Amino acid sequence: MIMAMAGSAVGLGNIWRFPYMVGEHGGAAFIIIYIICCLLVSLPVFFAEATIGKATRKDTFGAMEAIAPDGRFKNVGYIAIVSSFIILSFYSVVGGWSFDYLLRSCAGGFSGKSITEAREVFAGMGSSVLENVGCMLVFLGLTAGIVAGGVEKGIGLFSKISMPVLLVMMIVIASVSLTLPGSKEGVAYLVRPDFSKLNGAAIAAALGQSFFSLSLGVGTILTYSSYMHEDEGIIAAGSWTAFFDTCFALIAGFAIMPAVFAAGIEPSAGPSLVFETLPVIFSRMGVVLPVVFFLAILIAALSSSISLLEVVVAWLVEQKHTTRPRAALLVFVFAAVLGTACALVPKVFNTCDFISSNVLMMAGALIFSMIVGWIMPRETVLQHIRSRFIYGLIRYAAPVMIVAIAVTNLL
Ligand code: TRP
């Protein structure tokens, strides 16, 4: 399951969000804060969520019932399942774009194009209902297909194959990117620490990013942990996932920023970078590189989306006694509806993104750590965590930091 957890963590968050945030918030200074947030808050939350899953061996809803048979936490289970579903829906839209761009790159669609023309392609895709919705459905269909294949033979197998392949692909892209003339400035952009940009907002951004990147707060880690083998340790699983996830984000940074600077382009935000600038830059180096790049994004997105869909499927299978393939189909149909709305109406997309990342995930992370720190019997927790120090972080540091960040965000 550790590979599957790493697969869930490594995703679109690493490839387009992390590199851009590093640049925005002071380069290496942000990376240092990100790692500190990861160690002191996100990892403890990961351990907490995993403890709930491994101790109860149930889906998110079942786990909440097992911990409080009086039904106190019933709604927490429901909220987590709904949150995963919402994230899955808008995530599939971006996953669909990567599939679309993979096809376009295979056909050599970006060679000889200028950035302005690539921008028109991106805008045109948004207005083409068939293309936008169609690609989203293909992506969602692939996701549901892997999940329908089962925990071991679908999710586990896909993660075991895709993670090493993905790592190799990204290292290849980073190597090419770093050898381009003029790429040095991109490296400087990532490694030059600018402590003057470090403020409350930067810390909040680092924490939010590390929650999103480690897939916390909505039951994905909980659900995957419920499938862990007895001899797979929670501390090892969390540490490996966080290590792999952070390395991957850094490699993605070194794959993207040097190429952007080498082409003399301002590193602008998020999707526009990956879907407007990079296809053009990479196409100048032949047909193969953009294909590898978009294939990598597609694989990274798929290994994350399956973890989101699995949360809902696990609930349907364990609580509603549906068969796995039927559950996967059902989630596919519902997510296709919300996904279509996200694909066609930017406001729906942004609202789903905002509510899930800023409200639901934070609330979930807070509640999971409070349950493990204050509700579950101390001995049970220590059996899984085996460290009083980490137990202390779950009990005090994580909740305090999450509340502090939430308050800062509101102000
Ligand atoms: N971590 C993934 C990424 O970085 C996305 C993801 C998967 C996720 N499961 C999640 C985000 C659960 C939040 C919650 O792209």
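It should be emphasised that the depicted structure is a prediction, and the values quoted were computed from it without experimental measurement. The figures that follow rest on heavy atoms only: side chains count, while hydrogens, waters and symmetry mates do not. All ligand and atom numbering here is 1-based and tracks the order in the structure.
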Within 4.0 Å of some non-hydrogen atom of Thr220, the atoms of ligand 1 are 9 (N), 12 (C)
Ligand 1 atoms nearer than 4.0 angstrom to some heavy atom of Val218 are 12 (C), 14 (C)
Here the atoms of ligand 1 under 4.0 Å from any heavy atom belonging to Asn14 are 4 (O)
task: Give a yes or no answer on whether the side chain of Glu232 reaches the backbone of Met1 with a donor-acceptor pair at less than 3.5 Å.
output: yes
Sorted by chain and residue number, the salt bridge (Lys or Arg N to Asp or Glu O under 4.0 Å) partners of Lys184 (sequence neighbours excluded) come out as none
- request: Give a yes or no on whether a salt bridge exists between Glu120 and Lys113, defined as a side-chain N under 4.0 angstrom from a carboxylate O.
  value: no
Contact region, Ser215 to ligand 1, non-hydrogen atoms below 4.0 Å, reads both
Within 4.0 Å of some non-hydrogen atom of Ile87, the atoms of ligand 1 are 13 (C), 14 (C)
Could you tell me whether Arg17 sits above the aromatic face of Phe212, with NZ or CZ closer than 6.0 angstrom to the six-membered ring centre and within 45 degrees of the axis?
-> yes
In ligand 1, the atoms that come under 4.0 Å of a heavy atom of Ser307 are 7 (C), 9 (N)
min-distance protein heavy atom vs atom 1 (N) of ligand 1 -> Phe212 O, 2.8 Å
Donor-acceptor under 3.5 Å (Asp59 side chain, Glu318 main chain)
no
Residues 24-47 vs ring-ring contact (aromatic ring centres under 6.0 Å, His included), sequence neighbours excluded, gives Phe18-Tyr34, His25-Phe30
Salt bridge flag under 4.0 Å for residues Arg324 and Glu310: yes
Within the 4.0 Å heavy-atom cut-off, what Ala9 brings close to ligand 1 is backbone
Hey, does the side chain of Lys54 reach the backbone of Glu230 with a donor-acceptor pair shorter than 3.5 angstrom? yes
Counting heavy atoms under 4.0 Å, the part of Val10 that contacts ligand 1 is neither
- Task: Give me the ring orientation class for Phe110 and Tyr101: parallel if the planes are under 30° apart, tilted from 30 to 60°, perpendicular past 60°.
- Result: parallel
Honestly, for Tyr91 the part within reach of ligand 1 (heavy atoms, under 4.0 Å) is side chain
Note: ligand 1 atoms sitting under 4.0 Å from heavy atoms of Ser8 are 1 (N), 2 (C), 7 (C), 9 (N)
For Met361, the atoms of ligand 1 under 4.0 Å from one of its heavy atoms are 13 (C)
Here the atoms of ligand 1 under 4.0 Å from any heavy atom belonging to Gly13 are 3 (C), 4 (O), 15 (O)
